[in-house]
Amino acid sequence: MAGRYQPGRGTTCTLYRYRDRPPRATGVARAFRRGGRRGTRVAIMSSAKAATAIVPTRSDDYAEWYQQVVKAADLAENSPVRGCMVIKPWGYAMWENMQRVLDGMFKDTGHVNAYFPLFIPLSFLEKEAAHVEGFAKECAVVTHHRLVAKDGKLVPDPASQLEEPLVVRPTSETIIGEMFAKWVQSYRDLPLLINQWANVVRWEMRTRLFLRTAEFLWQEGHTAHATADEAVVETMKMLGVYADFAEQWMATPVIQGEKTAGERFPGAVSTYCIEAMMQDRKALQAGTSHFLGQNFAKASGIQFLDDKGVLQHAWTTSWGVSTRLVGSMIMTHADDDGMVCPPKLAPAHVVILPVTHKPEDRQRVLDYCHALKAELRQQQFAGGPLRVELDDRDLRGGDKVWQWIKKGVPLRLEIGPRDIDKDSVFVGRRDKAPKDKTSVGRGEFVATVAATLQSIQDAMLARAKAFRAEHTRDVDSKADFYAYFTPPKQKDPNAPTPIHGGFAMAHFSGDVAVEKQIKDDLGVTVRCIPLGEGEAGTCPFTGKPSAKRVVWAKSY
RNA sequence: CGGGGCGUAGCGCAGUCUGGUAGCGCACUUGGUUCGGGACCAAGGAGUCGGAGGUUCAAAUCCUCUCGCCCCGACCA
């Protein structure tokens, strides 16, 4: 086994692998596993690189970094059920915060919540041709309703076979359409503006925590309107709600645009989306809004008498965002020390870490911290009381500090006897380096905490915007386009693809064949056709005229 | 679904090639020393080596099958 790296045997460096923290010393030898157990291990030796809490780093191995952040921040883990995740309290709290805010936005735009069944009769899915084709391949199907013991095991009782199989909803257009058909008789029943918070199941081949799992949580809005115009307005309105939410709450800049025919929702007339750039420069669709025309109304029989007594099909829309948004926040904001929560959606805004080394100081410090916690909770931020954690667990200080850094809490307060004597707090901001901490008077901290959180929120959005700008460029020739999206040569064909490319803004004549060719060649697709006016130009692939530049990128 | 890799204590791994019945670091528990800090010393708890068959006196190790996870593709509403 020549050349095999053997830690602790004749080498002077120490091997650290995926441990939950790096050594304190800078200039450490770091290594991480990649691929095989033997011979293919890659040891990264770097004296210049600072130690990070997450190994590997983003630039070392982005996909692995993502998984390590999810683990280190205690957001979620894989379940015994293939492709399904358990969302842990810290991750779920982010989703709850998103839910609360979005729910408010939906209500403010006139929508009401309802709940529809998990199970959809198979025949419902068959009603809309494109819908069938789009979803058939990834449905979970229920065929029996009872188990019987057989040879000491439980098996579906053959006698309990369902006459019509039930599909676990991959989305609810069909069953909601069925109900809408009953609810709508007259133009006076319209518009119908419904949202539901639910889980859905799509039997995905390859899954990733939060980004693509077999079961996930989402909201799906479904509306029915008397006119096409009204439905289109609704479609765009909700797209705008998503874009606002992404920017203002998730600190994630997004491009609003329309999908090409190939990327359209099965059964939709047009699909709109918000697209965000992750730190590996890939695009992630963070939300979609569909104008469904009369397709589903016709399939489900949603009809009404208009004000002239004419029977018409309604015009419908649907729109949704999912727990994927949690994944997008990780990929947008997390760094090599773990999660970085946008303050407005953080499960906790502030964590107080009492420094209680000497027993005689302990009670005094804790009393001070509890009082400060109570005072901070009186403060308002982002439309609610400040969320404050007091971590008085009997752990060593450094351990606790790093746990909270990895979880991404915006503000850390370390408070010991010396701070109390000065009536001040020692503040660390998650958007700054872990050791970059400052002493601030208690009164001043409390008075400015909301502003401080807002400044972190703003800094995160600005940073994400700058990153996107840095990796977005106009591309005007096919050669440049191909060069932009071709990764550096890899010695090992099975190694992760290095980070490269970004968003290419290129003209496009709309040829489906061209789009397909580029996808086959580079794995790059049109993420969206941005809304708004654009300058006309020439498609670099066909030489045909193009109305405006579209966003090309690799994507999740 | 194709190609590659990996499943050994909570986490990260060694041990597998050359079968002899399990080890290291961190975490955990206890005691002590430390203490504005991701400490140190000592003692200790924790694993039917992913699962099922098979070969063998003997299997983490060899063979077959299977499940799961990860990477590269394919697919992706």
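Lettering follows sequence order; numbering is per chain, from 1. All of these numbers come straight from a predicted model, not from anything done at the bench.
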message: Taking any heavy-atom pair under 4.0 Å as a contact, classify A:T497: base, sugar-phosphate, or nothing.
response: sugar-phosphate

- prompt: Can you tell me the Watson-Crick or wobble partner of B:rU21, both distances under 3.5 angstrom?
  reply: none

field: Candidates B:rC70, B:rC71, B:rG36 - which lies nearest the side chain of A:P417
entry: B:rG36

- prompt: Quick one: the side chain of A:R418 and the base of B:rG36, do they pair up donor-acceptor inside 3.5 Å?
  reply: yes

statement: Winner on side-chain proximity to A:R82, out of B:rC11, B:rG36, B:rC69, is B:rC69

- prompt: What do you reckon, are the aromatic ring centroids of A:W319 and A:Y272 less than 6.0 Å apart?
  reply: no

message: Using a 4.0 Å heavy-atom cut-off, does A:R396 contact any base of the nucleic acid, only the sugar-phosphate backbone, or nothing at all?
response: base

message: Looking at A:R393, I'd like to know whether one of its side-chain N or O atoms comes within less than 4.0 Å of OP1 or OP2 on B:rC28.
response: no

field: Nearest listed nucleotide, side chain of A:Q67, among B:rG36, B:rG68, B:rC70
entry: B:rC70

field: Polar side-chain atom of A:Y242 near backbone of A:G320 as donor-acceptor pair, under 3.5 Å
entry: yes

query: Do A:R442 and A:Y368 meet the cation-pi criteria used here (NZ or CZ under 6.0 Å from the six-membered ring centre, within 45° of the axis)?
result: yes

- prompt: Is the A:F296 to A:H131 ring centre distance short of 6.0 Å?
  reply: yes

message: Counting the atoms with a prime plus P, OP1 and OP2 as sugar-phosphate, which does A:A63 contact under 4.0 Å by heavy atoms, base, sugar-phosphate, or nothing?
response: sugar-phosphate

task: Report the nucleotide, chosen from B:rG36, B:rC71, B:rA39, that has the shortest atom-to-atom distance to any side-chain atom of A:R208.
output: B:rC71

Ring centers of A:F503, A:W552 separated by less than 6.0 Å: no

- prompt: Considering only heavy atoms, which members of residues 514-525 of chain A lie under 4.0 Å from some atom of RNA chain B?
  reply: A:K519

Candidates B:rC11, B:rC69, B:rG36 - which lies nearest the side chain of A:N78: B:rC69

task: Can you figure out which of B:rC28, B:rC1, B:rG36 approaches the side chain of A:E414 most closely?
output: B:rG36

Length of the line joining A:D394:CG and B:rA39:P, which is rounded to integer Å: 14 Å

field: Whole-angstrom distance between B:rU18 and B:rC11, as gauged at atom P
entry: 31 Å

query: A:M205 has an atom CE; how far is it from atom C1' of B:rG73, in whole Å?
result: 11 Å

- request: Tell me whether the OP1 or OP2 atom of B:rC72 has a side-chain N or O from A:R206 closer than 4.0 Å.
  value: yes

- prompt: Does A:R212 have a side-chain nitrogen or oxygen under 4.0 Å from the phosphate oxygens OP1 or OP2 of B:rC76?
  reply: no

- prompt: With ring centroids as reference points, do A:Y66 and A:Y62 lie under 6.0 angstrom apart?
  reply: no

B:rG2 to B:rC62 separation - P atoms, rounded to the nearest Å: 25 Å

statement: Taken to the nearest whole Å, NZ/A:K259 to P/B:rC76 is 12 Å

message: Can you check the distance between B:rU8 and B:rC13, where both ends of the measurement are the P atom (answer in whole Å)?
response: 9 Å

field: N/O (side chain, A:K358) to phosphate O (OP1/OP2, B:rG36) under 4.0 Å
entry: no

- prompt: Touch check for A:P80, heavy atoms < 4.0 angstrom, all strands: base, sugar-phosphate only, or nothing?
  reply: nothing

Proximal nucleotide (of B:rC75, B:rC72, B:rC70) relative to the A:E64 side chain: B:rC70

- prompt: Starting at CD of A:Q68 and ending at P of B:rC13, how long is that distance when rounded to a whole Å?
  reply: 8 Å

field: Pair A:H290, A:T271: side-chain N/O donor-acceptor within cut-off below 3.5 Å
entry: yes

message: For A:T525 and A:R527, which I'm curious about, is there any donor-acceptor pair between the side chains at under 3.5 Å?
response: yes

